[in-house]
**Q** 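Can you read through this structure? Questions will come right after.
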Amino acid sequence: MDWPTRVDAALALQQALRTQVHLCDEPELPRTVAGVDGGFVDNGATVRAAAVLLRLPDLQPVAQAVAYVPVRFPYVPSLLSFREAPAIIAALEQLGQRPDLVICDGQGLAHPRRFGLACHLGVYCDLPTIGCAKTRLIGQHEPLGNERGACTALMHEGEQLGWVLRTRSGVKPVYVSPGHRVSLARAANLVMACTTRYRLPEPTRLAHQVASGKTVSVPSDKQNSQ
DNA sequence: GCGACAG
DNA sequence: ATCTTGTCGC
């Protein structure tokens, strides 16, 4: 499959693929989780995507991969997938094994057309995915408690699209929404299960470091790159 | 027409 | 996203 270069084609593709999203949980709990994220190099001309695989429930990193792909789409709010997904997919393919779950740095269902980056990656790769964004794209919500674990529904046009989740006491919350093959209810629980002492869950926190050019130590150093 | 707007 | 160190506070 190739990726659209124009906004109108991208919008049409989201409308077509949104029908493929399935929001039901897998029968088995995930035993591995991959965090993915994209960074930029070459003055923004190239996406450097990272995928870090962790074992559950201990969250130990077991593998990592990096991929470089030329940028082919401008940054347009709600069309982030077309900028980062190609590179993220390449990184996931080089991981050596398919993760049981993928956590993305961006929205899933909490998107104008209900098809954020996490949904796109999930449908494309046919993998369970969750979106965990640092800021809001759409939706409203009630104030939430100040303690770790506090959570409130993210609503939009009368329907719940995700959760606003406080992963650390006294720190800005994250915006969690299911991407594919994960239920709204379990999405927040899985993100909490992947979070330790930082605001972001370990999978995306580590993927962000790798995508930003930093180093992450993986015990059995089986990393790949391209 | 005026804001809002994942990374 | 990205340019960037130390510092204040729980």
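Each chain gets a letter, A, B and so on, in the order the sequences are listed, and its residues count up from 1. No experiment lies behind these values; they were computed from the predicted model shown.
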**Q** Do the side chains of A/Glu147 and A/Arg166 get close enough for a salt bridge, i.e. N-O under 4.0 angstrom?
**A** no
**Q** Grab the CZ-P distance between A/Arg83 and B/dA6 for me, whole Å please.
**A**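 For the pair A/Arg83 CZ and B/dA6 P, the rounded distance is 13 Å.
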**Q** Among A/Leu101, A/Leu206, A/Ile103, find the residue that satisfies the side chain to side chain contact (heavy atoms under 4.5 Å, CB included) test when tested with A/Leu54.
**A** A/Leu206
**Q** Output yes when at least one side-chain N/O atom of A/His208 is less than 4.0 Å from OP1 or OP2 of C/dA1, else no.
**A** yes
**Q** Quick test of the criterion, 5.5 Å between centres and less than 30° between planes. Is A/Tyr75 stacked on B/dG7 or not?
**A** yes
**Q** Would you classify A/Ser169 as touching base, sugar-phosphate or nothing, given that sugar-phosphate means primed atoms plus P, OP1 and OP2, and contacts are heavy atoms under 4.0 Å?
**A** nothing
**Q** Whole angstrom is fine here: how far is it from CG in A/Leu117 over to P in B/dC5?
**A** 19 Å
**Q** Under a 3.5 Å distance rule, please check whether A/Arg18 uses its side chain to pair with a backbone N or O of A/Cys119 as donor and acceptor.
**A** no
**Q** Could you state the OH-P distance from A/Tyr175 to B/dA6, rounded to the nearest angstrom?
**A** 11 Å
**Q** If you look only at distance, which donor and acceptor atoms sit under 3.5 Å apart when one is on a side chain in residues 34-47 of chain A and the other is two or more places apart or in another chain?
**A**
from    : atom 1 : to      : atom 2 : distance (Å)
A/Asp42 : OD2    : A/Thr46 : OG1    : 2.7

**Q** Mind calculating the distance between CG (A/Leu109) and P (B/dA6) to the nearest angstrom?
**A** 17 Å
**Q** Tell me: CG of A/Asp37 to C1' of C/dT2, nearest whole Å?
**A** 13 Å
**Q** Taking A/Thr204 for the side chain and A/Cys104 for the main chain, is one N or O donor matched with an acceptor at less than 3.5 Å?
**A**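 Flag not set: sc A/Thr204 to bb A/Cys104 has no pair under 3.5 Å.
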**Q** I need the CD1-P distance between A/Ile103 and B/dG7, as an integer number of Å.
**A** 15 Å
**Q** Which nucleotide wins on minimum distance to the side chain of A/Glu84, given the candidates C/dT2, B/dG7, B/dA6?
**A**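 Closest nucleotide to the A/Glu84 side chain: B/dG7.
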**Q** I need the CD1-P distance between A/Ile88 and B/dG7, as an integer number of Å.
**A** 12 Å
**Q** For B/dG7, does either OP1 or OP2 sit under 4.0 Å from a side-chain N or O belonging to A/Lys134?
**A** yes
**Q** As a test of reading the structure: which of C/dA1, B/dC5, B/dG7 is closest to the side chain of A/Arg136, going by heavy atoms?
**A**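 Between C/dA1, B/dC5, B/dG7, the one nearest the side chain of A/Arg136 would be B/dC5.
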**Q** Find the distance A/His156:NE2 to B/dC5:P and express it as a whole number of Å.
**A**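 Distance check: A/His156 NE2 to B/dC5 P gives 13 Å.
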